[in-house]
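Each remark here refers to the structure printed beneath this line.
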Protein chains: 2
Amino acid sequence: MSLKFAILGYLSTGPGTGWDISRQFDTGLGWFWTARHSQIYPELKRMTQDGLVERDSETVGEALERFSYSITDRGRALLAEFTASAPVYPPNRDAERLQFIFADDTPEALRAHLEAHRERHTRRRTQLLEILDALRANTHERINLRVANRRAEGKSLTLGLRELAYQGELQRADLEIEWADGALDWLSDNTSY
Amino acid sequence: MSLKFAILGYLSTGPGTGWDISRQFDTGLGWFWTARHSQIYPELKRMTQDGLVERDSETVGEALERFSYSITDRGRALLAEFTASAPVYPPNRDAERLQFIFADDTPEALRAHLEAHRERHTRRRTQLLEILDALRANTHERINLRVANRRAEGKSLTLGLRELAYQGELQRADLEIEWADGALDWLSDNTSY
DNA sequence: TTGTCCATGTAAACAGTTACATGATTGA
DNA sequence: TCAATCATGTAACTGTTTACATGGACAA
């Protein structure tokens, strides 16, 4: 359901191809939503049929046909409806925690498990710091485009929301690192492993 | 994929029915994994065929047939394989953040959005504190059963892992509340909304 | 000319949700 | 006897992943 809104959100900044959306899901936007190209192309087709986006084709080089999508007024309205609606929270599903709580029968694996947790979030942390730097230095192209399309008052809001969102991800990463450290300490103090 | 392991984990504490598993997903275990009964019953059937669990029936009252499942050695081995394996992280998908970053076109909704976020995690926080209390007071039945089935050295590990896991959830809730507070402050300082 | 990236699709399988369907037990 | 809870299933649909399939553009 939200894939549609991720795409609408992306296109609300400016037109783009299915490929662009796919790229974006691997980088900036990908912190909040992702999808494979195999899901994107059929979705864009459906959205075109529903009048949420418009597709026009351009030819690159000799023969490569490329389809660029732009958001329509209907799409913009639906996106506004989404952003203004009450958040809906997904069910709790955390396979990693499941591994953790049932690891009392395989305690040898616990330390490696927690170190993997720590490393993952340390990596995320580094990546997030880079994004935040780019955001503050105004070198994040797509966001600059979005900011440019807004009038003076809206500019700081666009940037502020992004910064808050990435900041939130950063805090989450920091928390996970601290949690893993605490758990590793506890392990050292309480088991022979 | 992980539903199987959530069920195996549950049954590794002691036998239970599909209904029991469903109940558990609404309470304790539900913080880490959930599923509807429509997914549980077919999964139990498959797991029985795969020899991971064993089913036997008992009759309650006059006519109600109830099926109790117990984990097999094969099931236990597969669970151990799971808990000892490296964690696999799901793709980032956070519809709420999507609402947030694209709300620069519907700023009137932002305050309500952040307050909903705050309330959700405040509610979660309260529930988690109750669970942690029960854990420390040893009134959490299912976990007591699990602890009881372990030898002296394992007992503190079982309890410790649970406590760390719920503690982690609590920290996550606290973080979200702080984040929302910070974002609300920022909003007050930086926009007319 | 070769490798990397750009670019667009489809099909089958798997995971999860919603809705449909039924009925017994227990306690107030 | 009524309501809440216990109890087990199936069917249709939606969302997501993996694999299959194809080919052009561009730079070294």
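Throughout, protein chains are lettered first and strands after them, A, B, ... in sequence-line order, and every chain is numbered starting at 1. Computed from a predicted structure; not experimentally measured.
At whole-Å resolution of the value, CZ in B:Arg66 and P in D:dT8 are 8 Å apart.
Listed in residue order, the members of residues 10-25 of chain B having a heavy atom less than 4.0 Å from DNA chain C come to none. For the contact set between residues 81-93 of chain B and DNA chain C, defined by any heavy atom under 4.0 Å, there are no members. A heavy-atom distance below 4.0 Å to DNA chain D is reached by none of the residues of residues 47-55 of chain A.
B:Gln167 pairs by the side chain to side chain contact (heavy atoms under 4.5 Å, CB included) definition with B:Leu132, B:Arg136, B:Glu163, B:Leu170, B:Gln171, not counting sequence neighbours. The side chain to side chain donor-acceptor pair (under 3.5 Å) check on B:Thr34 picks up nothing, with sequence neighbours excluded. Among residues two or more places apart in sequence or in another chain, the side chain to side chain donor-acceptor pair (under 3.5 Å) test is passed with A:Thr72 by none. Evaluation of the ring-ring contact (aromatic ring centres under 6.0 Å, His included) rule for A:His140 yields no partner, not counting sequence neighbours.
Between A:Lys4 and the phosphate of D:dG15, there is no side-chain N or O to OP1/OP2 separation shorter than 4.0 Å.
Listed by first and then second residue, the ring pair (Phe, Tyr, Trp, His ring centres under 6.0 Å) pairs involving residues 58-82 of chain B are B:Phe5-B:Phe82 (not counting sequence neighbours).
When the nucleotides D:dA7, C:dG9, C:dG16 are ranked by their closest atom to the side chain of A:Tyr69, C:dG9 comes out on top.
Connectivity analysis of hydrophobic side chains (ILVMFWY, heavy atoms under 4.5 Å, direct or indirect) links A:Tyr41 to A:Trp19. When hydrophobic residues (I, L, V, M, F, W, Y) are linked wherever their side-chain heavy atoms come within less than 4.5 Å, the members clustered with B:Leu175 are A:Leu175.
Annotation: B:His117 is in aromatic contact with B:Trp179 [ring centroid separation under 6.0 Å].
Rounded to 10 degrees, the angle separating the terminal axes of the helix from C:dT1-D:dA28 to C:dA28-D:dT1 is 30°, with each axis obtained from five end pairs.
Remark: A:Asp50 does not engage A:Arg74 in a salt bridge, criterion side-chain N to carboxylate O under 4.0 Å.
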For nucleotides 18-26 of chain D, 5' to 3', base contacts (B), sugar-phosphate-only contacts (S) and non-contacts (-) with protein non-hydrogen atoms under 4.0 Å give BB----SS-
